[in-house]
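Heads up, the thing below is written out as structure tokens.
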Amino acid sequence: MSEVRLRFPPSPTGYLHIGGARTAIFNWLFARKHGGKLILRIEDTDAERSTKESIEGIIDGLVWLGIDWDEGPYFQSEFASEHVAVARRLLEEGKAYRCFCTKEELDAKREAALKAKRDIKYDGTCRNLSKEEGDRLEASGRPNVIRFKVPERDGFIGYDDKVLGRIEKHYSEIEDFVIVRSNGRPLYLLCNVVDDIRDRITHVIRGQDHMTNTIRQLLLYEALDAPAPVFAHMPLTLDPKKRKISKRTHGEVVSVQFYREKGFLPWALVNFLVLLGWHTSDDREIFSKEELIEAFSLEGISKANSVFNFHPGDPKFFTDPKALSINAHYIRNIPIEELAGYVEKEFRAAGLWDDSYAGERRQWFLSTLDMIRTRFHTLKDFVGPGRAYFADDFPFDEKALRKNILKHDSLKELLPTLANELELLEEWTLESTEAAVRGFAERMGVKAGLIINGIRTAVTGQLKGAGIFDVMVAIGQERVVRRLKEVPSLYEAG
RNA sequence: GGUCCCAUCGUCUAGCGGUCUAGGACGUCGGCCUCUCACGCCGAAAACAGGGGUUCGAGUCCCCUUGGGACCGCCA
């Protein structure tokens, strides 16, 4: 049994978007599952639209996601001469022919066909041009493209799609497609097949938008006397209005980078993306890398397109709620040391990092992260709602300020008074702080909740958070006292 | 318009002829917990597009209709 070999062939015309990432993930999983190889091949044949930034962006995105490859990146443009040679061979063998029809003629015919409600198919005008006639036209300087000569056969050509099942098409319905431009540059259809043959690709996993290409490429494999790979066409990812997702119409919310910037854990994104159009027959939805590779199979890919359920402008869910929920799941469940690594990057970027978090205050740092992570959804929350644990200049949530502090005039004096008492505490523990706070509330004749919520907001700026005594211990006596003493200034500002 | 693909809760999906009064997850709503929120736990509302067949029996097989999508480039 020969080696399993797959490829991910992005065209570098933009950033890596979630559709492309999903394709990469599926190919990667299949390769890993079967001990095969994944080849990264940049399809930059269309030089005008390919950019260096895009290539870097794609590679950067794959690396971030943790999708590793075994060969490449290869660049399709480097094999241009091979593509040309193959086209020439096809021409010489009579499997392709020169077509001198002009673009204008073809456009006119296409329009006419559309009007007459006929299939928009090349009519084969140049198919039977004699060699002499062709040479004469070429010598006269008429530009020409090269078209593949679809065999004149009855019946169907087809293949067994690993997702869709048997797919067939009648030979007579396939047009003589162009394989080389008039400027001599071969087109995708040909290059792709030539490269796949050279790279010994055994399995092609790609989007269903390539289905019509597959039939034509099958013809190419046959003409080149090469075995065709196994094909599996994945369902497409649609937007909530059921339109195909594209960089152009959907912008950043469909780019992989966007999720990095929004505080996603790379594996959480992978886990979410793989669930879009694939499943196991048990109810599992959370997979470690090893579990996912083990569980993955082509049979689990659905036939139907799936909707990426994001709603632009939604204040609560900036992307698919399920993606957010999976990210939150990982944030509160991965080993705390691993999480600390991600948070460190965020802190460094936000200017919140302190070297002691890796040194003498490591334990405090880890336990504090562990305490606050259960109510966080993205890495950004650690520098946002979690800021008060790591910096003195933290913002106050407006609603929290109103509800927990400003609404109660009494707190203006109560909290500073409490601060004076707390300052004298010789021990700063869960027990001592709780006793002090509850004792104080009792003596003052107010409900403990009033004081507790006031402390929460004064000390963290937040409406919600962990148990207040855990919070107080985490933030520390000195800072808690100071923040409580500053409460009166909050009334002035408001 | 032509060709092709698809069709279960709002979304992702389980279901491969009887165990389906259709299961799970996310989201939504209610409850428990409680100093708040979250986590966790418990519970609720929520779907087989429609019509014909086949069969003792259909969400599951076939056909039609409807709906959605892709492709129809000298882009990839």
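So that the names make sense, note that chain A is the first sequence line, chain B the second, and so on, each numbered from 1.
Base pairing of B:C4 is made with B:G69, judged by Watson-Crick or G-U wobble geometry with both donor-acceptor distances under 3.5 Å. Searching all strands for a Watson-Crick or G-U wobble partner of B:G18 with both distances below 3.5 Å returns B:C56. With a 3.5 Å ceiling on both atom-pair distances, B:A45 lacks any Watson-Crick or G-U wobble partner. Shown here, B:U11 forms a base pair with B:A25; the pair counts as Watson-Crick or G-U wobble because both key distances fall under 3.5 Å. Pair check for B:C74 finds none; no Watson-Crick or G-U wobble contact set falls under 3.5 Å. Base pairing analysis places B:C32 opposite B:G40; the two distances defining the Watson-Crick or G-U wobble pair are each below 3.5 Å.
The nearest whole Å value for the distance from the OH atom in A:Tyr188 to the P atom in B:C75 is 14 Å. As a whole-Å value, the separation of A:Asn271 CG from B:C12 P is 17 Å. A:Met211 places its CE atom 9 Å from the C1' atom of B:G69, with the value rounded to the nearest Å.
Using a 4.0 Å heavy-atom distance criterion, A:Ile167 is classed as a sugar-phosphate-only contact. Here A:Ala304 lies in heavy-atom contact (under 4.0 Å) with sugar-phosphate atoms only. Using a 4.0 Å heavy-atom distance criterion, A:Ser182 is classed as a base contact. Counting any heavy atom pair closer than 4.0 Å across all strands shown, A:His233 reaches no nucleic acid atom. Within 4.0 Å (heavy atoms only), A:Asn213 reaches at least one base atom of the nucleic acid. Within 4.0 Å of A:Phe376, counting heavy atoms only, lies no atom of the nucleic acid at all. Residue contacts shown for A:Ala328 are absent, as no nucleic acid heavy atom lies under 4.0 Å away. Counting non-hydrogen atoms under 4.0 angstrom, A:Thr374 reaches a base of the nucleic acid. Note on A:Glu43: only backbone sugar-phosphate atoms sit closer than 4.0 angstrom, heavy atoms only; bases stay farther off. Residue-level contact check: A:Gly207 touches neither bases nor backbone, having no heavy atom under 4.0 Å from any strand. Contact annotation for A:Leu275: backbone-only contact, meaning every heavy-atom pair under 4.0 Å involves sugar-phosphate atoms and none involves a base. The residue A:Lys399 sits apart from the nucleic acid: no heavy atom pair falls under 4.0 Å.
Residue ring and nucleobase are not stacked for A:His210 and B:A70 under a centre distance beneath 5.5 angstrom and an angle between planes beneath 30°.
Comparing B:G52 with B:U60, their P atoms are spaced 14 Å from each other, to the whole Å. B:A47 and B:C56 have their P atoms separated by 32 Å, with the value rounded to a whole Å. When the C1' atom is used for both B:U34 and B:C39, the distance is 12 Å, rounded to whole Å. When the P atom is used for both B:A58 and B:G18, the distance is 12 Å, rounded to whole Å. Rounded to whole Å, the C1' atom of B:A46 lies 14 Å from the corresponding atom of B:G23. B:G68 and B:G50 have their C1' atoms separated by 15 Å, given to the nearest Å. The separation of B:G27 from B:A44, taken at their C1' atoms, amounts to 14 Å, rounded to a whole angstrom. Here, B:G51 and B:G67 have their C1' atoms 15 Å apart, quoted to the whole Å.
Among the nucleotides B:U28, B:C5, B:C26, the one closest to the side chain of A:Lys316 is B:U28. Nearest nucleotide to the A:Asp283 side chain, out of B:C39, B:C5, B:G24: B:G24. Distances from the side chain of A:Val307 to the nucleotides B:A25, B:C35, B:U11 place B:U11 closest. With distances taken from any side-chain atom of A:Lys169 to the nucleotides B:U3, B:U36, B:C6, the minimum falls on B:U3. Of all nucleotides listed (B:G69, B:G15, B:C75), B:G15 comes nearest to the side chain of A:Ser281. Side-chain proximity of A:Asp320 to B:A7, B:C12, B:U11: nearest is B:U11. Which of B:A70, B:C12, B:U28 sits closest to the side chain of A:Phe317 comes down to B:U28. The side chain of A:Arg438 lies closest to B:C35 when the candidates are B:C35, B:C26, B:U28.
Contact annotation: side chain of A:Arg456 to base of B:C37, donor-acceptor pair absent below 3.5 Å. Between the side chain of A:Glu173 and the base of B:G2, no donor-acceptor pair of N or O atoms lies under 3.5 Å. Judged by atom type and distance alone, A:Arg375 reaches the base of B:C37 through a side-chain donor-acceptor pair under 3.5 Å. Residue-to-nucleotide contacts include a donor-acceptor pair under 3.5 Å from the side chain of A:Lys322 to the base of B:A25.
Between A:Arg373 and B:C39 there is no side-chain N or O to OP1 or OP2 distance below 4.0 Å. Regarding contacts with the backbone of B:A76, every side-chain N or O of A:Ser50 stays at 4.0 angstrom or more from both OP1 and OP2. Regarding contacts with the backbone of B:G73, a side-chain N or O of A:Arg110 is found under 4.0 angstrom from either OP1 or OP2. For the pair A:Arg243 and B:G68, the criterion of a side-chain N or O lying under 4.0 Å from OP1 or OP2 is not met. Remark: A:Arg181 is in phosphate contact with B:A76, judged by side-chain N or O atoms under 4.0 Å from OP1 or OP2. Under 4.0 angstrom from either OP1 or OP2 of B:C6 there lies at least one side-chain N or O belonging to A:Lys303. For the pair A:Ser302 and B:U13, the criterion of a side-chain N or O lying under 4.0 Å from OP1 or OP2 is met.
Looking at A:Asn327, its side chain does come within 3.5 Å of a backbone N or O of A:Leu265 through a donor-acceptor pair. Using a distance-only test at 3.5 Å, with no hydrogens or angles considered, no donor-acceptor pair links the side chain of A:Gln462 to the main chain of A:Arg456.
A:Arg153 and A:Tyr171 are linked by a side-chain donor-acceptor pair at a separation below 3.5 angstrom, with hydrogens and angles left out of the test. When only modelled atom types and interatomic distance are considered, A:Thr45 and A:Arg185 share no side-chain donor-acceptor pair under 3.5 Å.
Each of A:Thr214, A:Asn213, A:Thr212 was compared with A:Arg216 under the side chain to side chain donor-acceptor pair (under 3.5 Å) criterion, and only A:Asn213 meets it.
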Test log, rule salt bridge (charged side-chain N to carboxylate O under 4.0 Å, His left out), inputs A:Arg7 and A:Asp196: CA-CA 8 Å; A:Arg7 79 315 196 253; A:Asp196 280 349; 2.8 Å; yes
Starting from the C-alpha separation in whole Å, work towards a yes-or-no answer on salt bridge (charged side-chain N to carboxylate O under 4.0 Å, His left out) for A:Glu421 and A:Arg443. CA-CA 12 Å; A:Glu421 295 191 12; A:Arg443 273 182 283 118; 2.8 Å; yes
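Using a 4.0 Å cut-off between charged nitrogen and carboxylate oxygen, A:Lys169 and A:Glu173 do not count as a salt-bridge pair. Taking 4.0 Å as the cut-off between side-chain N and carboxylate O, A:Asp239 and A:Lys242 do not count as a salt-bridged pair.
Aromatic ring centroids of A:Phe287 and A:Trp278 lie under 6.0 Å apart.
Sequence order on RNA chain B of the closest nucleotides to A:Asp209 and A:Thr280 puts A:Thr280 first from the 5' end. Comparing A:Leu463 and A:Lys244, the nucleotide of RNA chain B nearest to each residue sits closer to the 5' end for A:Leu463.
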